[in-house]
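These numbers come from the heavy atoms of this one structure, side chains and all, not from hydrogens, waters or symmetry mates. Quick note on labels: first sequence line is chain A, next is B, and so on, each numbered from 1. This is a predicted model, so every value here is computed, not measured.
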Amino acid sequence: MLDLRFVVENRERVLETLRQRGLSVEQVLAQGDPWALDAERRRLLQRVEELRHRQRLAGEEIARRGKAREDASGLKAEMKGVAEEIKELEALLQDVQARLDHVLLLLPNVPDPSVPVGADASANQEVRRVGEPRRFDFTPKAHWDLGPELGILDFDRAAKISGARFAVYFEAGARLERALIQFMLDLHTRQRGYREVIPPYLVTAETLLGTGQLPKFEAELFKTRAGEKDLYLIPTAEVPLTALHRDEILEAADLPRKYVAFTPCFRSEAGSYGQDVRGLIRQHQFHKVELVKLTAPEASLSELESMVADAEEVLKRLQLPYRVIVLCTGDMGFWSAKTYDLEVWLPGQGLYREISSCSTCTDYQSRRSSIRYRPAPKEKPRFVHTLNGSGLAVGRTFIAILENYQQADGSVVIPEALRPYMDGRERITRGQ
RNA sequence: GGAGAGGUGGCCGAGUGGUUGAAGGCGCCGGUCUUGAAAACCGGAGACCCGCAAGGGUCCGCAGGUUCAAAUCCUGUCCUCUCCGCCA
């Protein structure tokens with residue numbers, strides 16, 4: 001969430017952010033006016049603190065008179081009234097605070113000044129293109145044809161077992177998926193300085209509140225129930241990784257903190273009916289290697305650039321053509337201040353498709369989650385900046401390999417970088 | 001799942017309802033001593049929030065309750081540990 005003080009002091013900027021993101025100002029303010037609520041909160045708080053101070057002093061006096069065997073009944077009676085007044089004011093305060101918190105959670109992050117302003121994806125800007133799309137002397141197929149034909153992907157049986165938006169991987173398919181995971185983890189841990197983590201895949205509502213998925217995006221999540229307990233399946237490892245240091249104060253020397261995790265991700269994809277229904281593009285369950293960094297505010301933007309480079313390195317080594325896009329204000333995620341997408345070329349579909357998204361969330365998540373660091377000994381703690389990025393989405397990388405490395409006979413050549421992870425195998429062919 | 005124990009400052013650990021924001025120890029910081037360090041001795045310091053400051057407020061897992069007053073009493077809840085059962 002945004003800093004209350006920032007909101008109070010930068011009313012125009014906050015309203016502008018809502019507009020730039022294509023959100024309705026009226027609709028958000030209908031949930032509560034943060035400026036009016038804050039004024040009310042201050043008024044109540046001041047009064048409560050004053051009474052509490054009186055109560056404390058009177059307590060000491062009563063104790064003193066008790067020892068000295070003096071009468072304190074009048075003071076006690078008076079304090080009873082004060083205690084009641086405090087209770088009443090606190091109830092009011094709690095209500096105002098709750099309403100204020102509620103609105104604050106619904107305000108999105110303020111975009112970085114370098115982000116292009118625009119209403120939707122059409123205002124996104126291409127930053128660079130890397131690699132040349134290969135020329136085919138035959139018509140390249142889409143992975144949803146290639147995979148089943150090779151016997152390594154089975155959507156029909158997945159539908160039988162679990163319904164739409166699931167896939168079964170067989171043999172070389174399963175092996176390729178596993179090789180990609182291993183390859184990416186090795187790259188990020190050995191050469192890019194990330195610490196490997198296996199986090200929980202089920203998290204509490206509180207954790208999701210900290211990263212921003214709740215309360216606004218509950219529909220996208222799978223919720224589980226076991227007895228009295230509600231837990232959510234993670235939509236991305238960003239959630240547990242960012243939450244690792246919730247309620248902690250880190251040392252400046254510990255920054256940047258860099259984590260990489262391979263996890264399955266679960267998304268309900270509510271509201272995407274009819275979109276990307278074929279193939280692996282949009283599944284309820286998919287694999288991702290996720291990068292997360294906690295940094296000092298000053299380092300945020302440069303760390304974002306280097307994170308994008310980390311994700312790009314995977315594509316470069318797999319020799320997949322891609323482009324880098326900077327998302328405009330209207331297309332960015334709710335809690336992001338700046339986002340780069342990597343889009344890989346998919347010849348079977350003739351388009352560039354998102355395969356990674358790297359963002360800095362500045363202090364939006366760290367404030368919600370209370371993740372701080374101490375700039376120097378004795379100094380006041382400050383909120384860290386949180387960054388996250390896919391490094392990469394494994395399923396979509398799988399797609400890219402199938403489509404980019406397909407041969408006229410329907411086989412798929414395995415990129416050299418992956419061969420060590422597949423027993424030196426060079427090619428996936430039907431029936432092997 | 002059953003039975004029990006417990007959650008206090010960076011860590012360990014004491015705490016009779018009222019100068020206890022909290023003894024003591026470890027660790028930490030400063031000093032004495034030493035060529036330097038260690039040891040020893042002396043002194044200092046809880047955290048967070050608001051505030052330029054003075055100062056104020058909050059915090060003994062969390063949330064309620066009793067009371068003039070709660071770390072201390074009551075209720076609920078979460079978590080941890082031990083034993084038993086089950087299980088990858």
* Asked: According to a strict under-4.0 Å criterion, is A:Arg5 in side-chain N/O contact with OP1 or OP2 of B:G51?
  ->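 Answer yes for this pair, as a side-chain N or O of A:Arg5 is under 4.0 Å from OP1 or OP2.
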
* **Residue-phosphate contact under 4.0 Å: A:Arg65 side-chain N/O, B:G18 OP1/OP2** => no

* Is A:Glu220 salt-bridged to A:Arg267, cutoff N-O under 4.0 Å? ->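 Salt bridge flag = no for A:Arg267 with A:Glu220.
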
* A:Ala83 side chain: which of B:C50, B:G56, B:A69 is closest? ->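 Looking only at side-chain atoms, A:Ala83 lies closest to B:A69.
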
* Asked: Can you tell which of B:A69, B:C50, B:C49 lies closest to the side chain of A:Gln55?
  ->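 Of all the options, the side chain of A:Gln55 is nearest to B:A69.
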
* Asked: Does A:Arg56 CZ have over 12 foreign heavy atoms under 6.0 Å away?
  ->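 No - once you tally the heavy atoms of other residues, nucleotides and ligands closer than 6.0 Å, there are 12 at most.
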
* Got a sec: does the CD of A:Glu354 have more than 12 other heavy atoms crowding it under 6.0 Å? -> yes

Round to a whole Å and report the spacing from [atom1] of [X] to [atom2] of [N].
X: A:Glu248; N: B:C48; atom1: CD; atom2: P; value: 14 Å
X: A:Leu93; N: B:G57; atom1: CG; atom2: P; value: 16 Å
X: A:Glu49; N: B:G57; atom1: CD; atom2: P; value: 7 Å
X: A:Arg54; N: B:G55; atom1: CZ; atom2: P; value: 22 Å
X: A:Arg374; N: B:G10; atom1: CZ; atom2: P; value: 10 Å

* Asked: A:Phe398 and A:Tyr169: ring-ring contact (aromatic ring centres under 6.0 Å, His included), yes or no, with the steps?
  -> CA-CA 11 Å; A:Phe398 185 103; A:Tyr169 293 65; 5.1 Å; yes

